[in-house]
Amino acid sequence: MELTLELLTLMATLDQLAAGDQLHRLEPELPPTVQPERIVFGSTRFADWVANQLPRLRTIWKTELSPLEQVAVCLEDFCSGAELSYGFSFAPLHPNENSVWELKTPDIRIFGFFNARDVFVAVVADCATRIKEIGLYAGYVGEVVRFREQLDLDPPKCIEGTNPYAVVSNYSFP
Amino acid sequence: MPSFRITVSPKRRAAARFISTVRRAFQRAVAEERAKGGINQSEIGRRLDVHRSVISRELRGIQDMTLGRVGELAWALELDPVFVLNKQSEAWRLNLPYSTPAGSEALVEAAEFAGRTTEGDGAVNPIRPASGHTRPATIGTFRVANPTLADAA
C-alpha cells in the first residue's frame with residue numbers, strides 16, 4: 001500500500017497492536033488505478049462479524065446490494081479517499097463527548113472512532129433496523145469507548161469532538 | 001491475524017462500485033445545491049411529483065434507482081448525466097491488486113495508454129496524450145455534469 005508518510009507513521013502504532021491481535025488492518029480491494037488514502041482497522045469482534053455474520057445478512061430494503069456488498073463498497077470508498085457525504089456515509093453519535101462515529105450503509109451501521117484523521121478503527125457493527133428497534137445505540141457507543149480505553153495507545157487515542165473536517169478529508173454536507 | 005479482507009465476487013464488486021459512484025454523484029450534486037441555497041430535496045420531489053422522503057431514500061440508498069430515474073433525478077437538478085464506458089486495464093480485468101508485480105505492470109501499461117507516465121514509487125503524473133491511442137484505459141465512470149460546462153467542453 002502506498003500511503004503518505006504521516007499515515008505510515010500512524011499505522012506503525014496501530015500495526016503493532018494488529019501484530020498482537022488487538023486490531024486487524026483491513027486490506028481493501030481497490031481498483032489497480034486507485035491508491036489507498038484512508039485506513040480502516042477493525043477489532044477482533046468486527047473482523048469476525050465481517051467473516052461470519054455479514055455474508056448471511058439480507059437487506060430489508062429489497063435493494064440490489066446485499067449488506068455484504070454495501071459494507072464492502074462503503075469501506076472501499078472510505079479507503080480510496082472518495083468524497084464521503086456527512087450524514088449519509090458517516091456521522092458522529094451522541095453523546096458527542098464520547099467521540100464515537102458510525103460509518104453507514106443502507107442496512108448496516110459500523111461503530112468506531114478515528115485514531116487520527118482518515119484512520120478509522122471499527123469496533124462493532126450491526127443491522128440498522130435491529131439497532132433502532134431494540135435501542136442499541138447507547139450500548140454500542142459504550143462498547144466503543146470501553147474498547148478504546150483498553151487499547152495500548154498513547155493519548156490522545158482518538159480525535160475528539162464531532163467536527164467532520166477533523167476526522168476525514170474530502171467530504172460534503174448533503 | 002493482522003489483517004482481514006471483505007470478499008465479494010468481481011462482478012458484484014463492479015456493480016456495487018457503480019451504484020455507489022452514481023449515488024455519491026447525486027449526494028454531491030445535492031450538497032452543492034444546498035451550499036448555494038439552490039434546489040433542495042423538497043423542490044426535487046416537487047419537480048418529480050413525489051414526496052421529499054422518496055428523494056431522501058434514493059440518496060441514502062435504501063431505494064434503488066432505475067436508469068430512467070437517474071435521468072429524472074439529474075433533470076430535476078438541472079444537470080445532464082454523462083455515461084462513459086472505458087476499457088478496463090489488464091489488472092482491473094483480472095482483478096489484480098496494484099501492489100502485485102502483474103498489477104503494477106498493468107498499472108504502468110494503463111497509465112501509458114491513458115497518456116500518463118509513472119515515476120517514483122507508484123506516482124502517476126498526467127502528460128500529453130500518448131499518440132496512437134484513441135480510448136483511455138480507465139475504469140468506467142459516471143458523472144453528473146453541468147450542461148453549460150459540457151457545452152463549453
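Sequence lines set the chain letters: A, B, ... in the order given, protein chains first and strands last, and positions in each chain run from 1.
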Next on the checklist: Using heavy-atom distances under 4.5 Å, tell me whether A:Val71 contacts chain B through its side chain, its backbone, both, or neither.
Outcome noted: both
Checklist outcome for this item: Taking every heavy atom of B:Arg24 against every heavy atom of A:Ala82, the minimum-distance pair comes out as NH1-CB, 3.4 Å
Checklist entry - What is the minimum heavy-atom distance between B:Ser3 and A:Glu27, and which atoms define it? => result OG-OE2, 3.0 Å
Checklist entry - Closest heavy-atom contact between B:Arg60 and A:Pro106? => result O-CG, 3.6 Å
Item to check | Any pair counted as side-chain hydrogen bond (donor to acceptor under 3.5 Å, both in side chains), so long as it reaches residues 96-114 of chain A, sequence neighbours left out | outcome: A:Thr59-A:Asp107, A:Gln70-A:Thr105, A:Gln70-A:Asp107, A:His94-A:Asn96
Checklist entry - So which part of B:Glu32 gets closer than 4.5 Å to some heavy atom of chain A, the side chain, the backbone, both or neither? => result neither
Item to check | Heavy-atom pair of closest approach, residues A:Glu69 and B:Val8 | outcome: CG-CG1, 4.0 Å
Item to check | Region of B:Arg28 that comes under 4.5 Å of a non-hydrogen atom in chain A | outcome: both
Item to check | Test side chain to side chain contact (heavy atoms under 4.5 Å, CB included) applied to B:Ile19 and A:Thr63, A:Leu65, A:Val73, the passing residue | outcome: A:Leu65
Checklist outcome for this item: Scored by heavy-atom pairs under 4.5 Å with chain B, the best of A:Gln22, A:Lys62, A:Glu64 is A:Glu64
Checklist outcome for this item: In short, A:His24 meets B:Phe4 closest at the heavy-atom pair O-CE2, 3.2 Å
Checklist outcome for this item: Expected contact set for residues 144-163 of chain A against chain B at heavy-atom separation under 4.5 Å reads none
Next on the checklist: Is A:Tyr171 close to chain B through its backbone or its side chain, or both, or neither, when contacts mean heavy atoms under 4.5 Å?
Outcome noted: neither
Next on the checklist: Please give the remaining members of the hydrophobic cluster of B:Ile62, linking ILVMFWY side chains under 4.5 Å, ordered by chain and number.
Outcome noted: A:Ile60, A:Trp61
Next on the checklist: So for A:Glu76, is it side chain, backbone, both, or neither that comes closer than 4.5 Å to the heavy atoms of chain B?
Outcome noted: side chain
Item to check | Hydrophobic cluster (4.5 angstrom, side-chain heavy atoms) - remaining members for B:Leu67 | outcome: none
